[in-house]
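We use all heavy atoms of the structure for the numbers below, so side chains are in, but hydrogens, waters and symmetry mates are not.
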Amino acid sequence: MTAILSTILDPAHLTPRQIVEELDKYIVGQGKAKRAVAIALRNRYRRSNAREDLRDEITPKNILMIGPTGVGKTEIARRLAALVGAPFVKVEATKYTEVGYVGRDVESMVRDLVEASIRTVTAERRDEVRDLAARQAVERVIDALHPETRPPSAQGQGNPLGAALGSIFGSGYSGQQHQQQPSPSSSVSADAQRVRDQTRGEIERGFYDVRLIEIEVEEVASLPIGMIGGMDQGGDIGEMLGGILPKRRNKKRVTVAEALRIFEQEEAAKLIDMDAVKREALRRAGEDGIIFIDEIDKVAGSSQARGGPDVSREGVQRDILPIVEGSTVNTKHGTIQTDHILFIAAGAFHISKPSDLIPELQGRLPIRVELDSLTAEDFKTILTQPKNALVEQYKALLATDGVTLEFAADAIEQLADFAMRVNEQTENIGARRLHTVLERVLEDISFAAPETTGRVTIDAAYVRDRLAGVVDDADLSGYIL
């Protein structure tokens, strides 16, 4: 259940009720949690239209989700972010260590959010320039196929550092910047223009797709001294120096179809203003970002209660606190304020309880929602009704091998009943148990599918035949299901 929603909706036109309706298409039950996140999302739009003198004072009301595994905690947060295209990152509290110890510090979750935002904005900008980049890529392929028709172009300005480093890093580093690609309207002879027009049409029809040509591919230059020690946000020295280092160009033999893809990526990168991308990504991450902190219950409790210090528990809570309260985090793309990032923490709290979190962190998670354990009726709904229902997924998978899979109504009931019984007898892993049960039921069909095609109907008798012996034996089901 991790696919991204195909349509990004405008938050201005989404009421909390509509948000819940959209989440209902993918997640079964958990009405209280859906209402909480829907209100939190709508409050962001309300804040953007509030009085300017109060806008910065209105901070998100962070949420603490309490419930067993497999009931939809992560999926609710992920679908909420995908609904409006908000930057989203999921982290686990247990992978962080207290400042001063070896391990990841908590600020890296904010850097991960910024990187996710950069990827999203870059993809949007690529879509905007895709047509122009594709046209320029075609012109470059024509230049490779018919170099005699290439329009005249001015030489680029020399790069003194590139000339100096050429002898150090090899002749692949050019002492001059790469020549600007000429536009199709550049001055060429009538015969050359006719050849280019004809070739352009043949390329668009796929006539040259499998033909091999030799092209030059740009590679980002980097000094061979690795990462800067102690600078998680610093990045590679080559990236920091940016355009100062020359670009290495290697020759490769590829098909025309592959050359078009490579050239389109290079041309799109030239057309995108990365400084503007970084500014917009930082703004989105700070204003619209959502950080989902899973396994928060695993860092609850004091060191005294656990018999000694633990660098991944109370110390991590103290380090998370300023991030959730609002602070400035340095990233390699610039600084970001965390005041208006929405934090959603989640945990099962089987051993600990929310009150075991340090009081300051409890105060920064004011909204608490308890998610219900799933019932057999919920399992039946999960199997059949959501857009990404498990039964539909397996039907689509086997249809690619020519197998038409059908599930009888009694088979769905039997699958839900067996999944519920195994959860009660062993560990309750919620809806994830359905994956295990279905794989067991369809194992023989999936194995034989490439050679055996046609219509296959799964009924209750078939499900019982595949699962009854395992489910009835509690010890065996603990290993197999």
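- By the side-chain hydrogen bond (donor to acceptor under 3.5 Å, both in side chains) test, Lys25 is found to be paired with Glu22, residues two or more places apart in sequence or in another chain being considered.
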**Request:** Would you check, one step at a time, whether the test side-chain contact (heavy atoms from CB on, under 4.5 Å) holds for Met109 with Leu113?
**Result:** CA-CA 6 Å; Met109 71 174 71; Leu113 181 69; over 6 Å; no
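- Under a 3.5 Å cut-off, the side chain of Gln317 and the backbone N or O of Val299 do form a donor-acceptor pair.
- Of the candidates Val89, Val329, Thr328, Val110 forms a side-chain contact (heavy atoms from CB on, under 4.5 Å) with just one, namely Val329.
- For Leu397, there are no side-chain contact (heavy atoms from CB on, under 4.5 Å) partners two or more places apart in sequence or in a different chain.
- A salt bridge does not link Lys270 with Glu266: none of the charged nitrogens is closer than 4.0 Å to a carboxylate oxygen.
- Across every non-hydrogen atom of Phe343 and Asn62, the tightest pair is N-OD1, 2.9 Å.
- Within the structure, the side chain to side chain donor-acceptor pair (under 3.5 Å) test picks out no pair touching residues 396-405 (sequence neighbours left out).
- Across all their heavy atoms, Val256 and Tyr208 have their closest contact at CB-O, 3.0 Å.
- Between the OG1 atom in Thr122 and the CG atom in Asp127 there is a gap of 11.0 Å [rounded to 0.5 Å].
- Among residues two or more places apart in sequence or in another chain, the side-chain hydrogen bond (donor to acceptor under 3.5 Å, both in side chains) test is passed with Asn49 by Tyr45.
- Residues passing the side-chain hydrogen bond (donor to acceptor under 3.5 Å, both in side chains) test with Lys73: none are found, sequence neighbours excluded.
- Without hydrogens or angle criteria, Thr338 side chain to Ser327 main chain gives a donor-acceptor distance under 3.5 Å.
- Salt bridge status for Glu264 with Arg126: absent, with no side-chain N to carboxylate O gap under 4.0 Å.
- How far OG1 of Thr384 is from CG of Leu415: 11.0 Å, rounded to the nearest 0.5 Å.
- Partners of Arg284 by side-chain hydrogen bond (donor to acceptor under 3.5 Å, both in side chains), not counting sequence neighbours, listed by chain and number: Glu124, Glu280.
- Arg253 contributes no side-chain N or O that, together with a main-chain N or O of Glu214, makes up a donor-acceptor pair within less than 3.5 Å.
- In this structure, the salt bridge (charged side-chain N to carboxylate O under 4.0 Å, His left out) partners of Glu406, at least two apart in sequence or on a different chain, are Arg455.
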**Asked** Passes side-chain contact (heavy atoms from CB on, under 4.5 Å), Ile142 versus Leu145? Steps please.
**Response** CA-CA 5 Å; Ile142 295 174; Leu145 290 169; 5.6 Å; no
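- Once rounded to the nearest 0.5 Å, the distance linking CZ of Arg140 with CD1 of Ile262 reads 9.5 Å.
- Partners of Ala259 according to the side-chain contact (heavy atoms from CB on, under 4.5 Å) rule, which considers only residues two or more places apart in sequence or in another chain, are Val141, Ile213, Ile215, Val254, Phe263.
- With sequence neighbours excluded, no residue satisfies salt bridge (charged side-chain N to carboxylate O under 4.0 Å, His left out) with Glu202.
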**Item:** salt bridge (charged side-chain N to carboxylate O under 4.0 Å, His left out) assessment of Glu392 paired with Lys395
**Value:** CA-CA 5 Å; Glu392 295 301 322; Lys395 286 182 180 179; 3.7 Å; yes
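- Without hydrogens or angle criteria, Lys34 side chain to Ile27 main chain gives a donor-acceptor distance under 3.5 Å.
- Within the 3.5 Å criterion, the main-chain N or O of Glu443 finds no donor-acceptor partner in the side chain of Ser446.
- Atom CD1 in Ile336 sits 10.5 Å away from atom NE2 in His333 (nearest 0.5 Å).
- Counting heavy atoms from C-beta on, the side chains of Leu342 and Val37 never come closer than 4.5 Å.
- Side-chain atoms of Arg44 never come within 3.5 Å of backbone atoms of Pro60 as a donor-acceptor pair (strictly under, hydrogens ignored).
- A donor-acceptor pair is defined here as one N or O able to donate and one able to accept, closer than 3.5 Å; no such pair exists between the side chain of Lys95 and the backbone of Ala93.
- Within the 4.5 Å cutoff, the side chain of Glu287 has heavy atoms near those of the Arg47 side chain.
- Using a 3.5 Å distance cut-off with no hydrogens or angles, the side chains of Thr69 and Arg432 do pair a donor with an acceptor.
- Between the Gln393 side chain and the Asn388 main chain, a donor and an acceptor come within less than 3.5 Å of each other.
- In this structure, OG1 on Thr120 lies 11.0 Å from CG on Asp288, to the nearest 0.5 angstrom.
- Taking 4.0 Å as the cut-off between side-chain N and carboxylate O, Lys298 and Glu92 do not count as a salt-bridged pair.
- Summarising the geometry of Phe292 relative to Ala77, their closest heavy-atom pair is CD1-CB, 3.5 Å, with the distance given to 0.1 Å.
- Here the side chains of Pro386 and Val28 are in contact, with some heavy-atom distance below 4.5 Å.
- Although no hydrogens or angles enter the test, the distance criterion places a donor-acceptor pair under 3.5 Å between the side chain of Thr199 and the main chain of Val195.
- A distance-only check finds a donor-acceptor pair linking the side chain of Arg42 to the backbone of Leu14 [under 3.5 Å].
- Under the salt bridge (charged side-chain N to carboxylate O under 4.0 Å, His left out) criterion, Arg261 pairs with Glu258, not counting sequence neighbours.
- Under the 4.5 Å side-chain criterion, counting only non-hydrogen atoms from C-beta, Gln18 is in contact with Thr15.
- Heavy atoms only, all atoms of each residue included: Thr452 and Val403 are closest at O-CG2, 3.4 Å.
- Rounding to the nearest 0.5 angstrom, the gap separating the CG atom in Asp209 from the CD1 atom in Ile203 is 9.0 Å.
- Of all non-hydrogen atoms in Leu80 and Leu23, the two that sit nearest each other are N-CD2, 4.0 Å.
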**Item:** Full working for side-chain hydrogen bond (donor to acceptor under 3.5 Å, both in side chains) between Gln193 and Asp197
**Value:** CA-CA 6 Å; Gln193 187 62 50; Asp197 291 341; 3.0 Å; yes
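- Remark: Asp143 engages Arg196 in a salt bridge, criterion side-chain N to carboxylate O under 4.0 Å.
- Proximity of Arg194 to Asp191: side-chain heavy atoms (C-beta onward) are separated by under 4.5 Å at one or more points.
- Remark: Val129 engages Ala268, Leu271, Ile272 in a side-chain contact (heavy atoms from CB on, under 4.5 Å) (not counting sequence neighbours).
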**Request:** Could you check Glu107 against Arg111 for salt bridge (charged side-chain N to carboxylate O under 4.0 Å, His left out), going step by step and ending with a plain yes or no?
**Result:** CA-CA 7 Å; Glu107 287 188 352; Arg111 299 189 192 108; 3.2 Å; yes
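- Closest approach of Asp297 and Gly347 over heavy atoms only: OD1-CA, 3.3 Å.
- With sequence neighbours excluded, the residues satisfying side-chain contact (heavy atoms from CB on, under 4.5 Å) with Asp275 are Asp273, Arg279.
- Side-chain contact between Leu371 and Ile76 is present, with at least one heavy-atom pair separated by less than 4.5 Å.
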